[in-house]
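Heads up: the structure comes next, in structure tokens.
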Amino acid sequence: MANRREFLKGASLLTLGALFSNCAEAQAAPKGGGPLGLQIYSLGPELSANGVAEGLKRIKESGYSYIELAGYRDGKIGQASMAEFKKMADDAGIEIVSSHLNPPTRDYSKDNFEEIKDFWKKATEDHQVLGLQYMVQPGLPNCNSQEDAQFVGEVFNAAGEITKAAGIQFGYHNHNYEFNRLTPGGTEPISFAIRGFRPAEGQPMPKTVEEIFIESTDPSKVIFELDVYWTVMGGQDPVEWINKYADRIQMLHIKDRLILGDSGMMNFPKIFEAFYSHNHKYFFVEIEDTRSGIQFDRVKASADFLNNSGLIKK
Ligand code: MG
């Protein structure tokens, strides 16, 4: 009997020990509470449904502390002037870190190089009032050959020089087509969708558009914002890219099929581990299907997922 009692006593101590050790672990790695960024495109028309000022407050209440803009056009973000938007963000306690914008053409050539530069000059002037750190191009210019992509790299360098003079860092954001491959003198891309593509005997593997952009741009003028979902959809592992181009990929779009974590297809623990290991900071949650009518719910659920994941640095 005594032995049994001793055993039970030991067992309950073990259980208590296990409980305490769990508590200690929970204290060592608290869940929740790191700063989260949101790409405002995620809200679609819901952002302004009750006025943008209210929408920005709701973003803050949903768990986000900073944003990346979308919708710059003719000196405005949607219907708001840059100064009005900045005031509404300040009032909501939201920091504007970045803005997505595209020049008015996807066909880059020597003929319209100056026109594209003029776009970036005007856009930079307009964006200065926001006090932001990044201006990011999310749209892929047409590229059929390696030379086309290298020329786009030159244009990015010029854009980066313009924004840099105003203290703003220029960046490029990918979708999946940046994982198409381009050959020297090529007439069309080799699709990322061709799995297991191999070049002809003795030929080197053609580079992806993203590699050519990274390698043909000046690190002091152009950084990259990797959209991790589109990287996976392009048949690539975002963790490999984050590690391979550790100094160039400085921001992320944290994205899943819809609400973060729901599909199970995204390896967010490894993605954040790699990203933070290179001392980067800013990432933006994004949900691209914006016509649901419940985008705020999805955006909030995605913030909750991250805050409960234990992955986000304070
Ligand atoms: Mg994106």
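Because only heavy atoms are used, hydrogens play no part in the values below, and waters and symmetry mates are left out as well, while side chains stay in. Whatever order the structure lists ligands and atoms in, that order sets their numbers, starting from 1. Only a predicted model underlies this, so the values are computations on that prediction, with no experimental measurement involved.
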If we only count heavy atoms from C-beta on, is the Leu101 to His127 side-chain gap below 4.5 Å? yes
Test the Lys117-Phe113 pair against the cation-pi criterion, namely NZ or CZ under 6.0 angstrom from the six-membered ring centroid and within 45° of the ring axis. yes
Taking the inter-plane angle between the rings of His175 and His173 on a 0 to 90° scale, is it parallel (under 30°), tilted (30 to 60°) or perpendicular (over 60°)? perpendicular
What class does the angle between the rings of Phe275 and Phe272 fall in, given that below 30° is parallel, 30 to 60° is tilted and above 60° is perpendicular? perpendicular
Taking the Mg ion (ligand 1) as the centre, how many protein N/O/S atoms fall inside a distance shorter than 2.8 Å? 4
What residues form a salt bridge (Lys or Arg N to Asp or Glu O under 4.0 Å) with Glu95, not counting sequence neighbours? none
For His100 and His253, take the angle between the two ring planes, folded into 0 to 90°, and tell me which bin it lands in: parallel under 30, tilted 30 to 60, perpendicular over 60. parallel
